[in-house]
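All of these numbers come straight from a predicted model, not from anything done at the bench.
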Amino acid sequence: MKTEENLKSYYEEYDENGRLISKHGMVEYITTMKYIEKYLKQGIHILEIGAGTGRYSHALAQKGYHVDAVELLEHNIDVFKQNTVKGEQITVTQGNAVDLSAFKSNTYDITLLLGPMYHLFTLEDKLKALSEAVRVTKEGGIIFAAYCMGDACILSHGFNKGEIYSIIEKCMINDETFDTFSKPWDIFELYRKEDIDKLRAHFNVTQLHFIASDGYTNHMRKTVDQMDDKMYELYLKYHLTVCERQDMVGYSHHTLDIFRKNFTGF
C-alpha cells in the first residue's frame, strides 16, 4: 500500500516521540492531556488508535488506567514496546484505523484518535476511521479526534518560509480561496474547521469541545523554546485560556475535536 510506504519512510526518520518533548511540542501535549484528564474516572478503559510511539498511551497507563493501543507501523510499535515500564496495564497491537474489526463494539470509555486523521486522504477512509472510533466506544463515552489545519500551514510553510509560489505551482493551494489539497505523498491531510464539522455530522454524537491544541505556538517555535520557565508557564496559562476561542483555532497547526457518543435514541 503506497500510503503506508510513505508513512513508514516518514516516521522511521522523524523523531515523533521527541517532537512532544520540546517546549513548543509540549504545548500540544499538555493541552491534550488536560482535556483527556477532564474525562478520566477510576476503572475506565481507554483505546488509542494510531498510538505512534505511545506518548499518550504510556502516560495514561502510568496513571493507573487500562490502555489498549493500535498502531499501523512496526517501527513505532518497536519504540512503543521499548517505552513500556513495569506495572503498566497496556497492550499494543498492529492495526489500521479504518478497520478495527478485532475490537468489540461499545467497549471503551475513552477513544483517542490523535494521529490517523492526519494521514487519511479520501472521504471514505476518513468516515471509516471515525465510524470505527465511534463504534468501539461505549454509549456516553468520549472520542478525541486530532487534525492538522490548512491555514496554519499556509502561513508558516507558505508565507513565512517563502514556499507559497511553489505550493501553488504544485496545485496544493487554490490561490483564490486558499483551500488546500493534499495527496498521500504529501503525508499530511489539511483541514479547516468546517471540514471537520461536516465529518462529525455523519455520526450520532454531541460535540463537547473544539480546541486549538497548540494555538499560535508553531508560528513562534524558537521564541517558545527560548522562554525561561517563568515566561513559559505564563505562556501556557495564556494558551490554555484562549485555546477554545473559535476566533483562534484556524491559526493552530493542530486541533482537537472532542465529542460524546450519544445514547441510542437520543
Side-chain angles (χ1 to χ4, degrees), residues 2-16 18-32 50 52 113-123 125-126 129 145-200 210-227 235-236 238-239 242-257:
K2 191 65 175 175
T3 302
E4 186 172 334
E5 291 174 7
N6 293 328
L7 289 175
K8 182 175 182 292
S9 298
Y10 177 81
Y11 281 108
E12 283 182 354
E13 296 185 11
Y14 183 70
D15 183 11
E16 173 65 13
R19 178 181 74 85
L20 294 173
I21 295 174
S22 65
K23 277 188 173 177
H24 74 264
M26 280 293 290
V27 174
E28 178 190 352
Y29 174 77
I30 289 168
T31 305
T32 302
L113 194 69
L114 301 180
M117 302 305 289
Y118 297 173
H119 306 303
L120 299 175
F121 297 90
T122 68
L123 177 60
D125 281 347
K126 292 171 187 178
Y147 296 87
C148 293
M149 304 301 280
D151 290 294
C153 292
I154 291 171
L155 289 168
S156 62
H157 185 70
F159 287 106
N160 196 37
K161 293 186 178 179
E163 296 291 333
I164 190 67
Y165 295 118
S166 173
I167 295 170
I168 291 171
E169 288 172 5
K170 292 177 182 177
C171 298
M172 296 175 69
I173 297 177
N174 179 320
D175 63 356
E176 295 296 329
T177 65
F178 289 91
D179 289 325
T180 55
F181 306 95
S182 301
K183 300 295 183 184
W185 50 84
D186 299 315
I187 306 297
F188 291 95
E189 174 71 308
L190 303 176
Y191 299 80
R192 283 179 169 166
K193 185 176 183 296
E194 54 263 36
D195 303 322
I196 298 166
D197 290 339
K198 288 178 183 177
L199 290 170
R200 187 189 336 97
F210 189 85
I211 65 171
S213 308
D214 43 26
Y216 204 70
T217 304
N218 277 305
H219 300 287
M220 46 186 281
R221 290 185 182 190
K222 289 184 179 179
T223 300
V224 173
D225 287 342
Q226 292 170 2
M227 288 178 179
Y235 178 71
L236 284 173
Y238 166 75
H239 166 72
V242 302
C243 68
E244 283 199 62
R245 273 178 43 184
Q246 297 308 287
D247 59 333
M248 304 289 280
V249 294
Y251 291 112
S252 186
H253 274 76
H254 301 90
T255 58
L256 189 59
D257 192 22

If you look only at distance, which donor and acceptor atoms sit under 3.5 Å apart when one is on a side chain in residues 154-171 and the other is two or more places apart or in another chain?
from : atom 1 : to   : atom 2 : distance (Å)
S156 : OG     : A152 : O      : 3.0
S156 : OG     : H253 : NE2    : 2.9

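Nearest heavy atoms, G50 versus P116: CA-CG, 3.9 Å. Between F178 and R192, the closest heavy-atom pair is O-NH2, 3.1 Å.
D225 places a side-chain N or O within donor-acceptor distance of the main-chain N or O of H24, the cut-off being under 3.5 Å. No donor-acceptor distance shorter than 3.5 angstrom exists from the side chain of K193 to the backbone of V249, with no hydrogens or angles considered.
Residues D257 and M117 fail the side-chain proximity criterion, which asks for heavy atoms closer than 4.5 Å. Using a 4.5 Å cut-off on side-chain heavy atoms (C-beta onward), E244 and F210 make no contact.
Between D197 and R200 there is a salt bridge, with a side-chain nitrogen of the basic residue lying less than 4.0 Å from a carboxylate oxygen of the acidic one.
The side chain to side chain donor-acceptor pair (under 3.5 Å) with H254 is formed by just one residue from the set T217, T31, T32, D214; it is D214. Checked against Y191 for a ring pair (Phe, Tyr, Trp, His ring centres under 6.0 Å), the options F181, F121, Y147 give a single hit: Y147.
Ring-plane geometry between Y216 and Y251 is classed as perpendicular, the angle between the planes exceeding 60 degrees on a 0 to 90 degree scale with a lower cut at 30. Between Y235 and Y238, the two ring planes are tilted [angle within 30° to 60°].
Between the OG1 atom of T255 and the CE atom of M248 there is a distance of 14.0 Å, given to the nearest 0.5 Å. From E189, atom CD reaches atom CG of L120 across 8.5 Å, with rounding to the nearest 0.5 Å. Taken from OG1 in T180 to CE in M149, the straight-line distance is 9.5 Å, to the nearest 0.5 Å. Atoms CD1 and OG, from I173 and S182 in turn, are 9.5 Å apart once rounded to the nearest 0.5 Å. The line from CG of L256 to CG of L114 is 6.5 Å long, rounded to the nearest 0.5 Å. Taken from CD1 in I187 to SG in C148, the straight-line distance is 11.5 Å, to the nearest 0.5 Å.
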Which is it for M26 and V224 under the side-chain contact (heavy atoms from CB on, under 4.5 Å) test, yes or no, and what are the steps along the way?
-> CA-CA 10 Å; M26 280 293 290; V224 173; over 6 Å; no
